[in-house]
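One structure below.
No experiment lies behind these values; they were computed from the predicted model shown. Throughout, protein chains are lettered first and strands after them, A, B, ... in sequence-line order, and every chain is numbered starting at 1. Because only heavy atoms are used, hydrogens play no part in the values below, and waters and symmetry mates are left out as well, while side chains stay in.
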Amino acid sequence: MMTPYEPKTIEPKWQKIWDEKKAFAATDDYTKPKYYALVEFPYPSGQGLHVGHPRPYTALDIIARKRRMEGYNVLYPMGWDAFGLPTENYAIKNHIHPRIVTQRNVARFKQQLQSLGYSFDWDREINTTDPNYYHWTQWIFLKLFKAGLAYKTEMPINWCTSCKVGLANEEVVNGRCERCGAEVIRKMQTQWMLKITNYADKLIDGLDSVDFIERVKVSQKNWIGRSTGAEVDFSIEDSEDKLRIYTTRPDTIFGATYMVLSPEHPFINKYAERIQNMDEVIAYREVAAKKSDFERSELAKDKTGVELKGLRAVNPATGETIPIWTSDYVLMSYGTGAIMAVPAHDERDWEFAKKFGLPIIEVVAGGNVDEAAFTDVQTGKMVNSGFLNGLEVAEAKKSITVWLEEKGLGHAKTNYKLRDWVFSRQRYWGEPIPIVKCEHCGYVPLPEEELPLLLPEVDSYMPTDTGESPLAAMTDWVNTTCPCCGRPAKRATDTMPQWAGSSWYFLRYTDPHNEKALASPEALKYWMPVDWYNGGMEHTTLHLLYSRFWHRFLYDEGVVPCPEPYQKRTSHGMILGENGEKMSKSRGNVVNPDDIVSEFGADTLRTYEMFIGAFELAAAWSTEGVKGCRKFLERVWKLQEMLTDEEGYSAAMETRMHQTIKKVSSDFESMKFNTAIAAMMSLVNDFYRAGKVTKGEFSTLLKLLNPVAPHMTEELWEQNIGKGYVFEQSWPQYDEAKTVEQTVEIALQINGKMRGTMLIEKDAPKDEVLAKAKEALAGRLEGVSIVKEIYIPGKIVNLVVR
RNA sequence: GCGGGUAUGGCGGAAUAGGUAGACGCAACGGACUUAAAAUCCGUCGGCAGCGAUGCCGUGCCGGUUCGAGUCCGGCUACCCGCACCA
């Protein structure tokens with residue numbers, strides 16, 4: 001007698017069995033072929049799991065389960081990216097230690113994830129806030145410091161007025177804090193920095209060796225923003241000084257009719273005496289300084305500026321003197337903070353020249369520079385440019401660069417938009433920076449034996465208005481001795497940003513309990529690189545760039561065996577609310593995965609999230625759709641009643657089986673989970689139509705469906721097939737020859753218009769098919785002559801008539 | 001402005017290399033079962049015209065290539081996501 005389908009009882013049952021049998025433990029047998037599948041580890045927030053989390057987790061769980069059935073030693077781990085502001089803010093508000101808050105949130109997340117039946121190897125669980133973990137985060141920082149890639153500098157930082165913390169440029173969105181939305185202001189602060197810019201080229205070039213979806217590669221490249229051009233020295237009239245500029249268009253130098261300095265450019269102060277309108281310049285500079293980055297971009301393209309009267313430069317190509325201006329459209333932080341302005345061929349310069357009546361000289365023919373700047377570099381020939389005249393832009397670029405180098409006036413130069421990484425946070429809940437400041441020795445790294453440098457217990461982890469970390473108030477902890485000279489010294493009180501722990505976590509999974517190293521060389525050599533890494537689009541610039549940077553550095557240090565950490569990177573789309581909007585409490589459209597599990601079961605949730613639509617696109621939640629998936633699983637459950645001992649009763653069904661194995665196998669690989677499930681639904685419909693299913697067919701279906709709905713397929717296996725478990729089975733194989741139908745229906749067209757269909761033997765000769773087609777279409781062929789006959793085997797016959 | 005993406009029934013979405021548009025699911029409608037309802041099973045389901053076989057139209061818009069275009073090419077429009085004065 002068939003038992004009813006009750007996820008509530010069978011799901012916990014199987015979760016327990018998997019756990020006891022350690023069914024999904026990655027083994028340390030390094031002779032087997034390995035597969036490392038990775039999903040981004042979550043931040044264990046107080047809200048608990050969101051229905052967005054299961055989408056990527058289920059997708060890679062399917063891949064991981066399939067790989068195990070294919071004989072791989074699979075590593076599919078999970079952990080917690082648990083340092084971070086929300087926990088700290090919650091802790092402050094509720095007077096609970098962030099460590100306790102983290103423990104609670106992790107426990108809840110873990111229980112929720114386990115209720116979904118993921119095949120994570122929980123023995124390898126990691127937590128970035130565990131001293132045994134951040135020991136190695138600090139160790140990597142020391143390595144970076146010793147390699148000269150970590151340095152301290154005073155700089156204006158983005159200061160969130162609400163979080164009271166410095167933010168990286170990347171964390172500021174439209175002048176507001178990415179996290180809390182409060183206003184961000186500029187504030188001077190000394191900060192630890194990481195020289196990610198040293199790795200700009202390696203981070204771009206490394207992309208050629210990996211299999212990332214195109215838009216991820218594009219966004220990595222755009223963020224690094226490599227451009228090639230030249231630096232050129234312009235001399236100042238009546239001075240020995242040179243004013244160095246950067247340009248990507250050295251070919252247009254004959255058209256440079258003025259120069260522009262950033263308002264912060266040091267030349268302005270240096271020549272304050274000579275600048276006749278210094279008052280006006282100072283006033284302009286003050287206005288510019290007050291503008292936040294947000295205002296600068298909001299107020300858009302309306303150009304402002306002041307001429308530095310009394311100061312003129314010499315165009316090295318023409319020998320003519322040109323005026324020097326200052327304007328905030330030139331940024332101190334890019335290039336040299338100064339430009340040569342070529343209004344004929346740069347939109348910004350053109351606008352500026354138009355506004356202030358500066359001369360516009362065309363040096364590349366092809367546009368109308370009275371109407372607009374002509375910026376095309378593909379067409380067009382040089383004019384009004386002395387020895388460059390007649391050259392193409394590309395040739396002119398080479399030619400002028402050689403000329404500049406010969407004359408000692410300039411040189412080729414590559415620039416990047418990428419800036420160094422602001423690495424310190426004035427916060428409590430992060431990894432302490434393992435550096436001591438000694439008045440005699442400067443910044444001294446802690447000896448490695450002293451790691452981990454534990455986060456001290458403090459009474460108050462309230463951020464301070466002074467901008468200092470709460471750790472600064474812990475004098476017992478701050479005051480120490482210099483590891484170098486033994487004299488009194490002070491610890492760094494900043495902590496690391498949340499990005500730190502997530503920049504290397506995939507390495508720790510390979511050997512999570514190692515106390516002597518971040519992971520053993522053997523484990524790293526075997527498991528790395530990650531074979532397939534899936535995560536959100538929101539992490540395709542920062543997290544990916546930072547972790548690739550650290551990994552590449554560790555490779556250069558000989559710590560890891562491969563230059564790139566991730567062989568393949570894919571991204572999933574967001575799950576939106578039922579109304580098509582982003583899920584949020586304020587919109588009231590949040591779906592809680594716990595509710596879905598308790599009402600429909602984990603297998604239904606998993607199936608639904610895979611069936612909802614194309615994996616990489618956003619998809620709106622639909623409760624009706626969830627019901628449909630539950631109904632499908634019920635139909636699978638009831639196949640038990642149709643089991644027959646007959647085997648091979650139908651050649652057509654055998655073909656269907658081979659087709660379905662092929663379709664499901666290849667669709668899983670290309671993340672087309674929705675069509676894989678559709679194929680299984682169709683197969684089940686066929687079983688119902690036949691009114692029966694053989695044991696062989698049923699067990700094949702259970703194996704195919706197991707990665708998606710692991711609990712119910714194990715239960716059905718146990719009740720009806722018996723031997724062993726589905727997770728121990730081999731992935732079903734298909735025979736290509738048997739996927740081909742013997743009889744196929746082909747379309748009949750006249751002049752490309754559908755005029756019917758007919759059934760033919762798949763191998764029928766062309767002549768026979770055409771004859772049959774003409775017979776079928778005889779009524780329509782009267783009085784016309786056939787000009788052309790087209791037969792695409794297995795697809796279509798098209799007769800072209802007149 | 002630059003870069004990337006998307007556009008197909010009432011809805012979510014299918015459609016390896018250009019070859020039967022709408023697979024699969026949802027909703028809706030009809031039938032069977034039931035005293036009844038739910039559940040389940042079977043069926044219909046792009047639009048217009050027709051009792052009907054059938055005909056015409058139809059994949060955001062305008063053109064093109066082709067025997068044949070959702071798919072390729074040229075030109076647009078709308079929406080979404082990044083970046084945004086980077087010289």
Side-chain angles (χ1 to χ4, degrees), chain A residues 173-174 213-219 221-223 225-227 229 245-249 252 260 262 293 296-297 299-303 327-331 333-342 345-349 351-352 415-419 537-538 540-541 573-574 580 607-608 611-614 616-629 631-632 634-635 638 663 666-667 670 672 674-685 688-689 691 745-758 787-801:
Chain A
V173 178
N174 287 339
I213 50 175
E214 196 51 31
R215 55 180 168 155
V216 172
K217 284 193 182 186
V218 166
S219 69
K221 281 183 191 160
N222 288 348
W223 195 266
R226 179 161 66 189
S227 70
I245 60 98
Y246 174 72
T247 178
T248 53
R249 296 291 307 276
T252 62
V260 187
S262 158
D293 282 352
R296 278 199 188 188
S297 59
L299 299 174
K301 323 295 171 194
D302 193 25
K303 298 283 181 291
S327 169
D328 65 3
Y329 83 89
V330 174
L331 308 174
S333 51
Y334 184 79
T336 62
I339 62 156
M340 67 173 196
V342 184
H345 306 288
D346 181 280
E347 280 174 29
R348 296 150 303 183
D349 298 346
E351 274 177 46
F352 193 81
N415 262 332
Y416 305 89
K417 291 183 192 172
L418 185 68
R419 311 288 157 78
M537 272 311 288
E538 70 274 23
T540 52
T541 41
M574 255 196 304
T607 306
Y608 173 66
F611 189 62
I612 190 167
E616 67 279 8
L617 299 180
W621 188 265
S622 157
T623 303
E624 293 304 327
V626 178
K627 283 185 200 163
C629 288
K631 204 163 120 185
F632 164 60
E634 296 271 7
R635 278 166 72 81
K638 281 191 291 189
K663 173 85 178 150
S666 69
D667 280 359
S670 48
K672 289 156 89 177
N674 52 342
T675 50
I677 292 168
M680 290 188 271
M681 287 172 168
S682 286
L683 182 66
V684 170
N685 290 346
Y688 271 73
R689 233 163 268 143
E745 189 187 43
I746 65 167
L748 302 178
Q749 296 186 341
I750 293 177
N751 290 346
K753 290 218 175 233
M754 273 295 292
R755 290 298 181 232
T757 60
M758 69 178 189
V787 187
K788 199 170 175 187
E789 298 169 345
I790 294 151
Y791 172 51
I792 306 295
K795 300 274 187 189
I796 205 162
V797 169
N798 187 14
L799 302 176
V800 185
V801 303

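In summary, the side chains of Asp667(A) and Thr675(A) do present a donor paired with an acceptor at a separation below 3.5 Å, with no hydrogens or angles considered. For the residue pair Asn415(A) and Arg226(A), no side-chain donor N or O sits within less than 3.5 Å of a side-chain acceptor on the partner. Thr623(A) and Tyr608(A) share no side-chain donor-acceptor pair at under 3.5 Å.
Here the side chain of Ser682(A) is nearest to one of A87(B), C24(B), C41(B), namely C24(B). Listed nucleotides C42(B), C83(B), C24(B) differ in distance to Arg635(A); the shortest reach to its side chain belongs to C42(B). Ranking A87(B), C85(B), C56(B) by closeness to the Arg755(A) side chain, first place goes to C56(B). Ranking A87(B), C24(B), C83(B) by closeness to the Trp223(A) side chain, first place goes to C83(B).
A sub-4.0 Å separation between OP1 or OP2 of A87(B) and a side-chain N or O of Tyr334(A) is present. For the pair Ser227(A) and A87(B), the criterion of a side-chain N or O lying under 4.0 Å from OP1 or OP2 is met. Between Lys631(A) and C26(B), a side-chain N or O to OP1/OP2 separation shorter than 4.0 Å is present.
Using Watson-Crick or G-U wobble geometry with both donor-acceptor distances under 3.5 Å, A14(B) finds no partner in any strand shown. Pair assignment for C79(B) gives G5(B), based on Watson-Crick or G-U wobble hydrogen-bonding distances that are each under 3.5 Å. A 3.5 Å limit on both hydrogen-bonding distances identifies G55(B) as the Watson-Crick or G-U partner of C48(B).
A distance of about 15 Å separates the C1' atoms of G64(B) and G18(B), rounded to the whole Å. Nucleotides A53(B) and G60(B) have their P atoms positioned 29 Å apart, rounded to a whole Å. Atom name C1', nucleotides G13(B) and U59(B): the rounded distance is 13 Å, in whole Å. Rounded to the nearest Å, the gap between the P atom of A7(B) and that of A15(B) is 12 Å. Comparing the C1' positions of G46(B) and A28(B) gives an interatomic distance of 14 Å, to the nearest angstrom. Rounded to the nearest Å, the gap between the P atom of U35(B) and that of C26(B) is 28 Å. Between C85(B) and A78(B), the distance separating the two P atoms is 24 Å to the nearest Å. Separating the C1' atom of A69(B) from that of A21(B) is a span of 11 Å, rounded to the nearest Å.
A donor-acceptor distance shorter than 3.5 angstrom exists from the side chain of Asp349(A) to the backbone of Val342(A), with no hydrogens or angles considered. With hydrogens and angles disregarded, no donor-acceptor distance shorter than 3.5 Å links the side chain of Arg755(A) to the backbone of Lys753(A). Within the 3.5 Å criterion, the main-chain N or O of Gly752(A) finds a donor-acceptor partner in the side chain of Asn798(A). No donor-acceptor distance shorter than 3.5 angstrom exists from the side chain of Tyr329(A) to the backbone of Val260(A), with no hydrogens or angles considered.
Salt bridge Glu634(A)/Lys631(A): absent, no basic N to carboxylate O contact under 4.0 Å.
Residue Asn415(A) is classed as having no contact, given no heavy-atom separation below 4.0 Å to the nucleic acid. The residue Gly628(A) sits close only to the backbone: its heavy atoms come under 4.0 Å of sugar-phosphate atoms, none of a base. Heavy atoms of Ser622(A) sit nowhere under 4.0 angstrom from any nucleic acid atom. Backbone-only contact: Lys638(A) has heavy atoms under 4.0 Å from sugar-phosphate atoms and none from a base.
The 5' end of RNA chain B is approached more closely, in terms of each residue's nearest nucleotide, by Gly625(A) than by the other of Gly335(A) and Gly625(A). Ranked by how close their nearest RNA chain B nucleotide is to the 5' end, Asp349(A) and Glu624(A) are led by Glu624(A).
Open room surrounds CD on Glu347(A); 12 or fewer heavy atoms of other groups in view lie less than 6.0 Å from it.
Here A17(B) is in the syn range [glycosidic angle within 90° of 0]. By the rule that a glycosidic angle within 90° of 0 means syn, G46(B) does not qualify and counts as anti.
No hydrogens or angles were tested; on distance alone, nothing pairs the side chain of Lys417(A) with the base of C83(B) as donor and acceptor under 3.5 Å.
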Assign a letter to each nucleotide of nucleotides 12-22 of chain B from its 5' end: B, base within under 4.0 Å of a protein heavy atom; S, sugar-phosphate only; -, no contact. BSSS---BBS-
